[in-house]
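Beneath this line is the structure, given in structure tokens, with notes to follow.
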Amino acid sequence: MEKSNNLFRIALPEDWEDRSVFTYFGPEDSGVQHNLVITVDPKPKEKKDLAQYVRSQIQNNESEFPGFTMIAEREKQLPSDLPVYEIVYKYCPAEGKVIFQKQVFIIAEGKGYIITASFSKKTMKTIGTVVDEIIASFTPVELEMEE
């Protein structure tokens, strides 16, 4: 089932900026309410390329998440040929609680997209495969209209 965020129109003054965040909930499993959050950054901080954009976001994560530990990072491509950068990390929001997150960073059509999914250690291997399929289906509407 494909979803689009074209649910409404709104007129904003010139000095307002769209910082849309879309949240999709998956199953609750192993003490984690699984979700997929897509954050749209209309001006990806004037970073010239994806690597610079990712570095600034990782620095934000390091300062915001207690016990932040990077597990993996890599460049890859979506089936739509969009280059992306993927990181996986864990953090401890409360004593005895560990959350694993996967973030995929995309810059396309002048916008930054950050896709974030949360897991337990167990569900990284189970629900994580479903989330990978969802992320693989990501295509900015602007690119879809060009085809």
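Heads up: numbering here begins at 1 and tracks the sequence. The analysis underlying the following values was restricted to heavy atoms, covering all of them including side chains, and did not include hydrogens, waters or symmetry mates. The shown structure was predicted, so the numbers you read here are calculated from the model rather than taken from an experiment.
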Check your understanding: Which of these, Q103, E73, K76, R74, sits in a side chain to side chain donor-acceptor pair (under 3.5 Å) with Y85?
Key -> E73
Practice item. Find the distance between CD1 (I71) and CZ (F100) and round it off to the nearest 0.5 Å. Key: 5.0 Å
Review point. Would a distance-only check, ignoring hydrogens and angles, find a side-chain to backbone donor-acceptor pair under 3.5 Å from E62 to F65?
Key: no
Practice item. Compare all side-chain heavy atoms of V104 with those of Y113 and state whether any distance is below 4.5 angstrom. Key: no
Check your understanding: Between CG of N35 and OH of Y24, what distance do you get to the nearest 0.5 Å?
Key -> 12.0 Å
Point to revise | Parallel, tilted or perpendicular: rings of F105 and Y53 (30°, 60°) | key: perpendicular
Exercise for review: Please assess T69 against Y89 for the test side chain to side chain contact (heavy atoms under 4.5 Å, CB included), listing each intermediate value before the final yes or no.
Suggested key: CA-CA 6 Å; T69 304; Y89 58 90; over 6 Å; no
Review point. According to the salt bridge (Lys or Arg N to Asp or Glu O under 4.0 Å) rule, which pairs have a member within residues 115-128, sequence neighbours left out?
Key: D29-K122
Check your understanding: When you measure from the side chain of E17 to the backbone N and O of P42, does any donor-acceptor pair fall under 3.5 Å?
Key -> no
Exercise for review: Assess whether side chain to side chain contact (heavy atoms under 4.5 Å, CB included) is satisfied between L36 and T116, documenting all intermediate values.
Suggested key: CA-CA 6 Å; L36 187 78; T116 306; over 6 Å; no
Practice item. Hey, could you give me the CD1/SG distance between I99 and C92, rounded to the nearest 0.5 Å? Key: 9.0 Å
Check your understanding: Do you know the tightest heavy-atom contact between P93 and P66?
Key -> CA-CG, 4.3 Å
Check your understanding: For Q77, does the CD atom have more than 12 heavy-atom neighbours from other residues, nucleotides or ligands under 6.0 Å away?
Key -> yes
Practice item. Work out which heavy atom in P79 is nearest to a heavy atom in A136; give both atom names and the distance. Key: CD-O, 3.4 Å
**Study point:** Criterion side chain to side chain contact (heavy atoms under 4.5 Å, CB included) on L78 and I106, from CA distance to verdict
**Key:** CA-CA 10 Å; L78 295 181; I106 304 163; 4.1 Å; yes
Revision key, fill the gap. Taken to the nearest 0.5 Å, the spacing of I114 CD1 from D41 CG works out to 6.5 Å
Review point. If you look at every heavy atom in S80 and F138, which pair is closest and at what distance?
Key: OG-O, 4.0 Å
Review point. Heavy-atom distance under 4.5 Å between the side chains of F25 and H34, does that happen here?
Key: no
Exercise for review: Please assess I87 against I58 for the test side chain to side chain contact (heavy atoms under 4.5 Å, CB included), listing each intermediate value before the final yes or no.
Suggested key: CA-CA 9 Å; I87 66 172; I58 290 173; 3.9 Å; yes
Practice item. Using the rule that two of Ile, Leu, Val, Met, Phe, Trp, Tyr join whenever any of their side-chain heavy atoms come within less than 4.5 Å, decide whether V37 and M124 are in one cluster. Key: no
Review point. Which atom names give the shortest non-hydrogen contact between V32 and S118, and what distance separates them?
Key: CG1-O, 4.1 Å
Exercise for review: Establish, from distance only, whether the side-chain atoms of N61 and Y91 form a donor-acceptor pair under 3.5 Å.
Suggested key: no
Exercise for review: Using the side chain to side chain donor-acceptor pair (under 3.5 Å) rule, take T123 and T126 through it: C-alpha gap first, then chi angles, then the decisive distance, then the call.
Suggested key: CA-CA 5 Å; T123 61; T126 56; 5.1 Å; no
Exercise for review: Drop me the distance from D18's CG to K111's NZ, to the nearest 0.5 angstrom.
Suggested key: 8.0 Å
Check your understanding: Which value, rounded to the nearest 0.5 Å, describes the distance between E75 atom CD and E86 atom CD?
Key -> 11.5 Å
